Amino acid sequence: MRGTPRFLKETMTDRADSVGGATEDVYDAHRMQERWLPVWDELQPFRSGDPKDAREKMYVLDMFPYPSGDLHMGHAEAYALGDVVARYWVQRGFNVMHPIGWDAFGLPAENAAIKRGIDPSVWTYENIEQQKASMRRYACSFDWDRVLNTCDPEYYHWNQWIFLQMFKRGLAYRRASQVNWCPTDQTVLANEQVVNGLCERCDSPVTKKKLTQWYLRITDYAERLLDDMEQLEELWPEKVLLMQRNWIGRSTGAEVEFQIDGGVEPVTVYTTRPDTLFGATFFVVAADSDLAAELAEGSPAQDEFVSYLAEVQKTSEMDRLSTDRKKTGVFLHRYVINPVNGERLPIWASDYVLADYGTGAIMAVPAHDQRDLDFAREFDLPIRAVIAADEDPALTGVATSGDGVLMNSGPLDGLSKESAIERIVEILAENGQGEGATNYRLRDWLISRQRYWGTPIPIIHCSNCGEVPVPEQDLPVELPPAADLDLSPKGTSPLGAAAEWRNVTCPTCGGPGQRDADTMDTFVDSSWYFLRFLNPHLNDGPFDPAVAKEWMPVDQYVGGVTHAILHLLYARFFTKVLYDLGMVEFNEPFTRLLNQGMVVMNGSAMSKSRGNVVRLSDELAEHGVDAVRLSMVFAGPPEDDIDWADVSPAGAKRFLARAWRVARDVTSDPDADASTGDRPVRQATHRAIADAQQAVETFRFNVAVARTMELVNVLRKAIDSGAGPSDPAVREGAEAVALLLSLVAPYTAEDMWAELGHEPSVARAGWPSVDEELVRADAVTCVVQIKGKVRHRLEVDPDIAENELRELALNTAAAQSAIGDGEPQRVIVRAPRLVNIVP
RNA sequence: GCCCGGAUGGCGGAAUCGGUAGACGCACGAGGCUUAAACCCUCGGGUCGGUCAAACGGCGUGUGGGUUCGAGUCCCACUUCGGGCACCA
């Protein structure tokens, strides 16, 4: 201990010498860290690239970090948990690949650059070096030969390459649409950057703006993204699968064609309730759709429509989301014809219909859809019920949307909802007026960003040839130096000002062209990085398909639930695209997924503004790496949040010191024959190993630690007042503790291993084998219940026969007094644990 | 509003299949070691009653009901906390 006065240290050393001659007598976490780090650097116990390695392969992956400053408590938890899994499988004899890299592109680097006038790359690489050093000290079992940074041209080269493959197949395309716009930062925002309608950076209300942007056609994969989740059942948290299902949002219904009165082209609507078609009393198109503008053109309502649209565009996202907002809209003085009954329905434009879902137009059935009803009541439009119900929606203001018998619906009258849907789809199909259809909530992925620090989009715009892909041999398109550019937000990409970089000749016609000035969303980077780890420096492709066949898919992925939707969905999408390109033979990238919770403080997320940030570096300095890691792992189930206020790294350290002293106290030789040792101690040891093994494999790491603690308690007692320090069973137990602890507290485990006379590294020493004979108890306690209440306890042989146990139980005084003279009504025997007597 | 998940001592949490509720730890208390303190070692504790202490008994896993010989675990209703989605037709 660093603060221990000198004279005390000497006293303790004297005592140690008199006991057994151990070189160190005090558990000193910092001494251990200094002692073992260089040894591990030398041994590289977690290198995984040897082609001659015969061990079975296992790919364990932690979500890679964004390099914003040094590691924090969240990292400490995530990497401690991932490390337990990786180190466990190494001990079990697997060839574990456990790589790490940096998700190094992104806005914080650019913000820091603007603020301090330095190059984003300088800030980024400095942080990476700092985090790398911290991870090394934190004893993460990473394979340091596989490090990658997504901001390296050798990495984003392949972002561009994959983008071009998608572009060639029509999966990457540019279109104009309404996007989230931050008026302060003058930039487009991704959906995930809009928090409660506010810009996550500057908190200004987000509005919509029509811009031409690049998209990836993830909606083409909606069906497969949904269906392939079957493979992940039981292997991914149910919660994540559910969130993904909801996000994709499949719905089934029908598309119905409506003729515009006096028009030529029909308009199609999507509805999940085609059975209510006879209840349609008006028609609504999204105010910001092209169709609305076309219909308004030349109509008496044109001026009104134009000012309404302007109003809608100005409306902040926050207001738009408010639930009790009044419905607004404009009557376009145009009509559509209801295909089933020929009725003329007035067409309205409103912002409650979304331009980018379905067809951007709906048939309104106010009696059976709350939104339509609200709108109808606002503008005095007719309401016609077509499903029988007790209440009249026109009077109550509450739409009846449940099941019921159809009425006022011609051929559908008297049918149930289900059969009416079936029937109407048949009728529409026969008349060529519609068909059954499926729709998804999922939208195409907007990937272009007006930012500097990202992957340039490898497209050249040419006035003759249009969008021309940069030839593959010219990749990567590297970022121009930041020094000459103004990175401050101004609504267009900073790259636009890099004239020399931007103006190029068109690869197709040789005429003047301009590079696309936008960069890619950083989620592109993380959508395939797990494949790049296989060959992080490969020059002629993103990865080697043959190597991918050996290692992929990732056996165990570990990361925060914050990425439950976006990152995991995008990575699954990319994997399916690569499958279609013939580059991989699997269609799901992550076989098993473990979501760890967050580290919070006093119930809320740590943040500077709350002033409740616990600094990892302080905790490490005070308690040592192992104690912090152990605290994280022992605090509770990995998927639950950890409240640091409830965690005791001091207690963890106390336990580690206790374990360490047990190893130090062992006096037998390393080759002592355990089978001659004390049987109860041996039983405790083997039971602890068996339980811990089971617990680790089911992610109950806290339980594995508890079993290790129990074993240490048994060993402490055995040494002090039982079998004694020379008993071989005590050595066997201490060695088991070192091996169990090697997953959680690598320094302590290594030091114990050395104290026990073994060579490093304990991390590769192998998992102790369990002797089943020792796991079985010699005697178990059997409870005798009378009507389900415990009245007596018996010590019995674990293999006792049911009859025998029954007799024993019936002969107890408790049973006798309960039964009296007669026969018991019922006796339930569950040998060897329980007998329940019902008198 | 819709969809999920949870609720166990002062606290974090354990508890395969419905079968001894509260493992392990934190905090706390008592004792031992020590001139003393810290460290360390041992012991204690759900709660109410009972007792010098114990034995022993009643109650007890958010609330109310149900199924069962037996429920923290299964079913129904509710309370409450947390998460996701949110005008998706």
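Not measured: the values here are computed from a predicted model. A note on names: the letters A, B, ... follow the listed sequences, proteins ahead of strands, and every chain is numbered from 1.
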Checklist entry - So what does A/S350 touch, heavy atoms closer than 4.0 Å: a base, only the sugar-phosphate, or nothing? => result nothing

Item to check | Polar side-chain atom of A/Y308 near backbone of A/D351 as donor-acceptor pair, under 3.5 Å | outcome: yes

Checklist entry - Could you state the CZ-P distance from A/R245 to B/G84, rounded to the nearest angstrom? => result 19 Å

Checklist entry - Using atom P of each nucleotide, how far apart are B/U51 and B/C43 to the nearest Å? => result 29 Å

Checklist entry - Taking protein heavy atoms under 4.0 Å as touching, what does nucleotides 21-31 of chain B look like 5' to 3' if B marks base contact, S marks sugar-phosphate-only contact and - marks none? => result --BBSSS----

Item to check | Nearest-nucleotide 5' precedence on RNA chain B, A/R273 against A/C782 | outcome: A/C782

Checklist entry - Does the cation-pi check pass for A/K327 over A/Y352, that is, NZ or CZ under 6.0 Å from the six-membered ring centre and within 45° of its axis? => result yes

Checklist outcome for this item: Rounded to whole Å, CG of A/D356 lies from P of B/C87 at a distance of 11 Å

Checklist outcome for this item: Out of B/A89, B/G84, B/C87, minimum distance to the side chain of A/D351 belongs to B/C87

Item to check | Inter-nucleotide P distance (B/C85, B/U16), Å rounded | outcome: 33 Å

Checklist entry - Rounded to whole angstrom units, what separation is found between the CD atom of A/Q694 and the P atom of B/A14? => result 15 Å

Checklist entry - Given atom NZ of A/K653 and atom C1' of B/C40, what is their separation to the nearest angstrom? => result 15 Å

Checklist entry - Looking only at atom types and distance, does a side-chain atom of A/Q244 sit under 3.5 Å from a main-chain N or O of A/A564, one as donor and one as acceptor? => result yes

Checklist entry - With A/F375, which of A/T328, A/D369, A/L381 fulfils side-chain contact (heavy atoms from CB on, under 4.5 Å)? => result A/L381

Checklist entry - With sugar-phosphate meaning primed atoms plus P, OP1 and OP2, does A/R791 contact a base, only sugar-phosphate, or nothing at under 4.0 Å between heavy atoms? => result sugar-phosphate

Next on the checklist: Roughly how many Å apart are B/G50 and B/C56, using the C1' atom of each and rounding to a whole number?
Outcome noted: 8 Å

Checklist entry - Take atom CD in A/Q825; do more than 12 heavy atoms of anything else shown fall under 6.0 Å from it? => result no

Using a 3.5 Å cut-off and no angle test, enumerate the donor-acceptor pairs between side-chain atoms of residues 775-784 of chain A and protein atoms at least two apart in sequence or in another chain.
residue, atom, partner, partner atom, Å
A/D778, OD1, A/R679, NH2, 3.0
A/D778, OD1, A/Q683, NE2, 3.2
A/D778, OD2, A/R679, NE, 3.2
A/D778, OD2, A/Q683, NE2, 3.4
A/T781, OG1, A/E795, OE2, 2.9

Item to check | A/I565, A/L242, A/L225 screened by side-chain contact (heavy atoms from CB on, under 4.5 Å) with A/W247, the one that passes | outcome: A/I565

Next on the checklist: For the C1' atoms, the ones on B/G12 and on B/A7, what distance do you get once it is rounded to whole angstrom?
Outcome noted: 15 Å

Item to check | A/H368 side chain to A/T276 backbone, donor-acceptor under 3.5 Å | outcome: no

Checklist entry - Whole Å only: how far is the NE2 atom of A/H792 from the P atom of B/U20? => result 17 Å

Checklist entry - In the 5'-to-3' direction, what one-character label does each nucleotide of nucleotides 2-8 of chain B receive under the scheme B = base within less than 4.0 Å of a protein heavy atom, S = sugar-phosphate only, - = no such atom? => result --S----

Item to check | Nearest-nucleotide pick for A/P637, side chain only, options being B/C87, B/A89, B/A14 | outcome: B/A14

Next on the checklist: Using the P atom as the point on both nucleotides, what is the distance between B/G58 and B/A21, in whole Å?
Outcome noted: 12 Å

Checklist outcome for this item: Rounded to whole Å, CG of A/D643 lies from P of B/C81 at a distance of 18 Å

Checklist outcome for this item: The residue, A/K789 or A/I828, whose nearest nucleotide of RNA chain B is more 5′ is A/K789

Next on the checklist: Checking the side chain of A/Q816 only, and the main-chain atoms of A/L810 only, is there a donor and an acceptor separated by less than 3.5 Å?
Outcome noted: yes

Next on the checklist: Is it the case that the side chain of A/D626 and the backbone of A/T748 share a donor-acceptor pair, with hydrogens and angles ignored and the cut-off at 3.5 Å?
Outcome noted: yes

Next on the checklist: For a quick check of understanding: with a heavy-atom distance under 4.0 Å over all strands, which category does A/V353 fall into, base, sugar-phosphate or nothing?
Outcome noted: base

Checklist outcome for this item: Applying the Watson-Crick and G-U criteria (both distances under 3.5 angstrom) with [ ] for crossing and | for other-strand pairs, one obtains for RNA chain B (((((((..(((......[....))).(((((.......))))).((((......))))..(((((..]....))))))))))))....

Next on the checklist: Less than 4.0 angstrom between a side-chain N/O of A/K717 and OP1 or OP2 of B/C43, yes or no?
Outcome noted: yes

Checklist entry - Are OP1 or OP2 of B/A89 and a side-chain N or O of A/Y357 less than 4.0 angstrom apart? => result yes

Checklist entry - Between the side chains of A/D444 and A/T219, is a donor N or O closer than 3.5 angstrom to an acceptor N or O? => result yes

Next on the checklist: Test your reading of the model: is there a side-chain donor-acceptor pair from A/N836 to the backbone of A/G788, 3.5 Å cut-off?
Outcome noted: yes

Checklist entry - Mind telling me whether B/C85 is syn or anti, cutoff 90° either side of 0? => result anti

Next on the checklist: Side chains of A/L428 and A/E435, heavy atoms from C-beta outward: is any pair under 4.5 Å?
Outcome noted: no

Item to check | Chi-angle category of B/G83 [syn within 90° of 0, anti beyond] | outcome: anti

Next on the checklist: Within the 3.5 Å criterion, strictly below it, is a donor on A/R658 or A/N713 matched to an acceptor on the partner's side chain?
Outcome noted: yes

Checklist entry - When rounded to the nearest Å, what value does the distance between C1' atoms of B/G10 and B/A27 take? => result 8 Å

Item to check | Side-chain donor/acceptor of A/R830 to base of B/G19, under 3.5 Å | outcome: yes

Checklist outcome for this item: Rounded to whole Å, the CG-P distance (A/L834 to B/G18) equals 15 Å

Item to check | Whole angstrom value for the distance that separates C1' of B/A86 from CH2 of A/W247 | outcome: 11 Å

Next on the checklist: Give me the distance, rounded to whole Å, that separates B/G72 from B/A15 when you measure between the P atoms they each carry.
Outcome noted: 16 Å

Item to check | Interface residues of residues 280-288 of chain A with RNA chain B (non-hydrogen, below 4.0 angstrom) | outcome: none

Next on the checklist: Could you check whether any side-chain N or O of A/R384 sits under 3.5 Å from a backbone N or O of A/F278, counting only pairs where one atom can act as donor and the other as acceptor?
Outcome noted: yes

Checklist entry - How far, in whole Å, is B/A38 from B/A54 if one measures between their P atoms? => result 27 Å

Determine all donor-acceptor pairs shorter than 3.5 Å in which one atom belongs to a side chain in residues 279-287 of chain A; sequence neighbours excluded.
residue, atom, partner, partner atom, Å
A/T281, OG1, A/P382, O, 2.8

